[in-house]
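Notes follow once the structure below has been shown.
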Number of protein chains: 2
Amino acid sequence: MRITRQRQAILDVLHETRNHPTVDWIFEQVRGRLPQVSLATVYRNLHQLTAAGMIQELSVGGGVCRFDADTSVHYHVRCLKCGRIDDLDLPTEEALMEAAHPRTPFRLLSHHVEFLGLCPKCDEAGHARTERK
Amino acid sequence: MRITRQRQAILDVLHETRNHPTVDWIFEQVRGRLPQVSLATVYRNLHQLTAAGMIQELSVGGGVCRFDADTSVHYHVRCLKCGRIDDLDLPTEEALMEAAHPRTPFRLLSHHVEFLGLCPKCDEAGHARTERK
DNA sequence: TTTGGTGCAAAGGCTTTGCAGAAAG
DNA sequence: CTTTCTGCAAAGCCTTTGCACCAAA
């Protein structure tokens, strides 16, 4: 795979955040560095980098695709209000896989845990609104 | 909320499966019973039933929306090849929430565990193809 | 009758693709 | 040079919405 300016910029953007951005956000960031970049290029590269194992596509709820420069197995928190997703540095629960194996005819390869809640900003906004009314 | 034939049919379909179907699949099933039903109606009702807490929308990866008549907290397995999703009757890990709380500034409300793997059919197909080549 | 629900078709997002020109190796 | 990548624009999903008609309660 060739190292083009576009590809490098995408990788840079991903490595500089921990929020697991959507394609749209990545596009905006890359555009700040390479103003003529196209959305199609961002999509194509994200998929190619994913296929090459250099980044991972997050298997999370909430609709749109999200990407992560950290390809290790780790868990996430998603804000139900603003959709932001952060890493959660929790030891990966091998016990979960062990417990799940006997319960399904599927051949299990991996797992992912997603916590749902409110990020500090959204949580505060909610309180504020409730208290003042 | 009124109990229309369409709404009842959608609920019936959901209660008769454990595969956590996509909107498209639900639509086909409902259409088998009410041939003139429209896709828009299926979408509208699925969201309304979700808002009413009578079904839940699954927070899983894989792109399209999926729905589940079981509104309790429980975990799932998804086949990486065919996308099928099944219930996994695993005791809900309260310990996970306990462990996660101190690690994030988010206010955690719930969590979901998704196991990824191959369903028996896809797994077998994969073996067969590999062995024969 | 009254209100909410339905079907249809059109519109909206997000994502993918075809193609000719550009650029990395 | 060759091959891959890019930008653009068009097309493709999946999902939502506006509107006039229909049907529960």
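Excluded from the calculations below are hydrogen atoms, water molecules and symmetry mates; all remaining heavy atoms, backbone and side chain alike, are included. Letters A, B, ... mirror the listed sequences (proteins, then strands); counts begin at 1.
OP1 or OP2 of D/dC5 has at least one side-chain nitrogen or oxygen of A/Gln48 nearer than 4.0 Å. Regarding contacts with the backbone of D/dG7, a side-chain N or O of A/Gln6 is found under 4.0 angstrom from either OP1 or OP2. Between D/dT6 and A/Thr4, a contact under 4.0 Å exists linking OP1 or OP2 to a side-chain N or O. Dashed line: the shortest gap from a side-chain N or O of A/Arg7 to OP1 or OP2 of D/dT6 is under 4.0 Å.
Looking at heavy-atom distances under 4.0 Å, B/Gln8 makes no contact with the nucleic acid at all.
Between the A/Gln6 side chain and the A/Val42 main chain, no donor and acceptor come within less than 3.5 Å of each other. Of the possible donor and acceptor atoms, none in the side chain of A/Arg18 sits under 3.5 Å from a partner among the backbone N and O of A/Asp86. Of the possible donor and acceptor atoms, none in the side chain of B/His15 sits under 3.5 Å from a partner among the backbone N and O of B/Val13.
Closest contact between the side chain of A/Arg2 and the listed nucleotides C/dT2, C/dG25, C/dT15 involves C/dG25. Comparing D/dC5, D/dT6, D/dT15 by their nearest atom to the side chain of A/Asn45 picks out D/dT6.
Classification of the B/His74-B/His20 ring pair by plane angle, with boundaries at 30° and 60°, yields tilted. Ring geometry for A/His76 against A/His112 counts as tilted: the plane angle lies between 30° and 60°, on a 0 to 90° scale.
Taking a 6.0 Å sphere around CE of B/Met54, one finds it holds 12 or fewer heavy atoms contributed by other residues, nucleotides or ligands.
Across the protein-nucleic acid pair, A/Ile10 atom CD1 and D/dC5 atom P stand 12 Å apart, rounded to whole Å. Rounded to an integer number of Å, the gap from NE2 of A/His47 to P of D/dC5 is 15 Å. Rounded to an integer number of Å, the gap from B/Arg5 CZ to C/dT6 P is 9 Å. A straight line from CE of B/Met1 to C1' of C/dT6 spans 15 Å, rounded to a whole angstrom.
One finds no salt bridge joining A/Arg66 and A/Glu114 here, because no Lys/Arg side-chain nitrogen approaches an Asp/Glu carboxylate oxygen to under 4.0 Å.
Contacts between residues 15-44 of chain A and DNA chain D, counted as heavy-atom distances below 4.0 Å, involve A/Gln36, A/Val37, A/Ser38, A/Ala40, A/Thr41, A/Arg44.
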